[in-house]
Amino acid sequence: MKSKSAITFGVISIVGTTLLAACGSNSATDTTKAKNKTLNVQTSSSLTTMDVSKSTDIVSAQTLNNTNEGLLKFGTNSSLHKAVAKSWTVSNNGTRYTYNLRPSKWSNGDDVTAQDFVYSWQRTVNPKTASQYAYLFDNVKNATKINAGKLSPSQLGVKAVGKYKLVVDLNHAQSYFNQLVANPQFYPQNEKVVKKYGSTYGTTSKAMVYNGPFKLTGWNGTNDTWTMVKNKSYWGAKNVQLNQVKYWTVKDPQTSLSQYQAGKLDLTTLSGSQVQQFTKNKDYVLRNSASTFYLEMNEKKQPFFKNTKARQALSLIANREQFVDKILKDGSLASNSFVPTKMQYRDGKDFAVVSEDKAMTSYNETKAKQLWKEALKESDKSSINLNLLSDDTAAGKSTTEYLQSQFEKLPGLKITNQNLPFKTRLARSSAGDFDLVVSAWSADYPDASSFLDLFTTNSSYNNGKWSNAEYDKLVKSASGSLANKPAQRWDAMLKANKLITDQAGVIPLYQQAQPQLVKSNVKGVIYYPTGSNWDYSKAYLTK
């Protein structure tokens with residue numbers, strides 16, 4: 001939970017503005033709009049769900065961000081803009097937020113009301129929903145007790161006062177609460193529609209209703225292509241200039257590039273050697289993202305990983321610099337901290353830089369082998385066979401192949417790679433069905449807690465089940481007793497980050513960069529380094 005003085009949005013906005021130069025120009029030459037109003041976008045993973053309460057991945061978040069809308073939304077400079085809420089006030093020493101809603105409609109003609117937010121938030125924290133994002137609501141009054149099954153969802157600290165006023169009560173002041181409500185997890189849900197579709201809600205484009213700039217069509221829950229069409233019921237529809245945004249799941253980078261060059265795609269992601277070919281191309285854009293790829297070790301399935309030395313050995317044998325420079329070659333950065341760079345600042349200092357732990361993230365084969373041998377001996381083992389799980393994307397395959405080659409330098413270790421479709425990998429990660437898994441996290445809001453909260457003992461995202469009481473205490477204090485003490489809170493989060501890195505609770509690998517080609521006639525796309533990444537509501541095409 002961040003304090004105002006602990007966050008410098010300006011740095012994020014500078015990055016965002018620079019990266020948007022290729023697709024956000026408003027010069028005189030850009031004003032002639034094209035008759036073709038369909039934007040074709042490549043994605044490397046398929047859509048998994050449109051259920052606000054159950055969405056956990058970036059593809060779902062991006063689609064929800066464009067087809068639905070919450071109280072507030074981010075703009076090009078990471079500042080907050082009015083959305084369904086036309087105004088708001090904060091009172092009771094920062095613990096009560098009152099939002100005044102504008103009249104707006106769902107795509108089925110129903111009014112979007114304050115009660116839709118109440119229902120949505122209650123549904124997400126209800127333990128029966130099993131939402132992995134319920135923890136984001138922890139500071140809303142009674143949320144944790146409700147999620148633990150100790151109180152009824154009706155006792156959540158949110159209420160509708162009439163049709164268009166929403167009142168939220170927090171446990172304590174939380175200066176970035178408005179940044180949270182701009183994320184898809186805090187969007188409204190139409191109770192009538194949720195109950196109509198039951199278990200199929202959000203699993204197809206038809207089993208859903210939309211209140212955002214676009215509405216989803218052509219998605220049956222399994223297909224790799226889906227389309228967002230302009231939502232004429234949206235309150236700001238007159239400002240939406242695209243008729244359609246079509247997503248195409250293309251996992252092979254060369255296939256995607258060929259389709260881009262043939263004019264079938266307007267935006268595509270580059271990979272590996274492609275990046276070197278196009279760095280001087282006028283369509284080339286490098287987008288830094290607040291996302292970290294990391295390795296989780298399953299301590300429940302493989303008790304061997306309860307041995308700290310075993311985890312540390314894997315961290316030290318992974319040559320991150322070599323991997324990003326020689327294998328990925330896409331502008332990604334080697335991670336010396338679980339928290340990515342250029343996300344949170346205090347007194348001009350980058351949290352990731354201050355907290356980096358090179359002693360446990362720099363390649364050291366000699367020390368790694370020593371620690372591994374000691375771990376085997378202490379665990380009464382001479383060898384061990386492990387499965388390494390990741391996505392079936394080009395980057396996923398490169399990652400597992402490289403890690404396999406590095407890990408098998410450790411005596412007695414045999415690695416078997418498994419590269420599965422994103423949806424399958426995500427399900428297996430959540431179910432704890434893995435030995436080792438390469439996971440990734442993109443910040444929902446610009447604060448270190450967006451990463452550190454993931455690996456407390458009871459977090460639903462702690463798939464490897466690493467547990468440390470001191471870490472839990474530090475993270476809890478940062479979100480509670482130190483919430484209004486910026487300096488002390490900063491120090492607590494630094495200590496937590498150092499602890500998880502020192503002990504290799506999870507192993508940070510690299511901070512993702514997104515090298516892309518974007519057609520020069522694509523304008524007005526908004527990119528967020530954190531959160532749901534893309535906003536096409538202001539986008540348009542020139543001739």
Side-chain angles (χ1 to χ4, degrees), residues 11-27 29-30 34 36 38-45 58-59 62 76-78 242 245-291 293 321 323-334 340-342 393-396 398-399 440 442 510-530 532-536 538-543:
V11 177
I12 297 171
S13 68
I14 291 171
V15 174
T17 303
T18 302
L19 297 177
L20 283 167
C23 53
S25 173
N26 290 313
S27 65
T29 58
D30 295 334
N36 172 26
T38 298
L39 182 68
N40 290 281
V41 178
Q42 176 259 348
T43 179
S44 60
S45 300
I58 193 65
V59 179
Q62 288 174 5
T76 54
N77 60 353
S78 293
L242 292 175
V245 178
K246 297 192 74 171
Y247 281 93
W248 303 85
T249 303
V250 186
K251 297 179 181 179
D252 179 66
Q254 189 55 49
T255 301
S256 181
L257 177 59
S258 296
Q259 291 181 353
Y260 179 86
Q261 292 174 323
K264 296 180 180 179
L265 293 172
D266 299 303
L267 186 155
T268 188
T269 300
L270 297 174
S271 177
S273 61
Q274 292 177 341
V275 177
Q276 308 305 315
Q277 293 177 260
F278 289 94
T279 51
K280 295 183 180 180
N281 189 290
K282 63 182 177 61
D283 291 353
Y284 177 77
V285 184
L286 181 64
R287 305 186 189 281
N288 292 324
S289 61
S291 60
F293 278 69
E321 296 287 350
F323 178 63
V324 298
D325 292 342
K326 305 297 184 183
I327 307 298
L328 289 182
K329 297 186 291 188
D330 62 358
S332 293
L333 303 172
T341 61
K342 298 181 180 179
T393 60
S398 295
T399 303
S442 182
Y510 67 94
Q511 180 176 344
Q512 185 185 42
Q514 296 185 32
Q516 294 183 319
L517 293 179
V518 182
K519 295 292 186 182
S520 57
N521 69 324
V522 177
K523 311 294 178 182
V525 178
I526 300 172
Y527 171 77
Y528 314 137
T530 61
S532 44
N533 286 140
W534 301 100
D535 181 354
Y536 298 109
K538 302 290 192 301
Y540 63 95
L541 303 174
T542 61
K543 290 183 178 179

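The first residue in the sequence is number 1, and the count goes up from there. Predicted, not measured: the structure shown is a model, and the values here were computed from it.
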Once rounded to the nearest 0.5 Å, what's the spacing between atom [atom1] of [X] and atom [atom2] of [Y]?
X    : Y    : atom1 : atom2 : result
Q514 : S291 : CD    : OG    : 6.5 Å
R287 : Q516 : CZ    : CD    : 5.0 Å
L242 : K538 : CG    : NZ    : 12.0 Å
T38  : L541 : OG1   : CG    : 8.0 Å
W534 : I526 : CH2   : CD1   : 11.5 Å

What I'd like to find out is whether the side chain of [X] reaches to under 4.5 Å of the side chain of [Y], using heavy atoms alone.
X    : Y    : value
L39  : L267 : no
V59  : Y247 : no
D330 : L270 : no
L257 : F278 : yes

Give a yes or no on whether the backbone of [Y] and the side-chain of [X] come within a donor-acceptor separation of less than 3.5 Å.
X    : Y    : answer
Q274 : P253 : yes
Q42  : T269 : yes
S332 : A513 : yes
N40  : L265 : no
K523 : S520 : yes

Step-by-step side chain to side chain contact (heavy atoms under 4.5 Å, CB included) determination, L517 to Y284
CA-CA 5 Å; L517 293 179; Y284 177 77; 4.3 Å; yes
According to side chain to side chain donor-acceptor pair (under 3.5 Å), who are the partners of [X], at least two apart in sequence or on a separate chain?
X    : answer
T341 : Q511
Y260 : D283
S256 : T268
D252 : T255

Residues in salt bridge (Lys or Arg N to Asp or Glu O under 4.0 Å) contact with K246, at least two apart in sequence or another chain:
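Per chain and number, K246 pairs via salt bridge (Lys or Arg N to Asp or Glu O under 4.0 Å) with no residue.
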Considering non-hydrogen atoms only, spot the tightest contact between T393 and S45 and give its length.
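The answer is CG2-OG, 4.4 Å.
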Smallest separation among heavy atoms of A395 and L328, with atom names
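Where A395 meets L328 most closely, the heavy atoms are CB-CD2, 4.5 Å.
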Taking ring-ring contact (aromatic ring centres under 6.0 Å, His included) as the test, write out the residues that go with F323, two or more places apart.
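Listed in chain order: Y402, Y510.
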Under 6.0 Å from the NZ atom of K264, do we count more than 12 heavy atoms belonging to anything else shown?
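Check fails, neighbour count at 12 or below.
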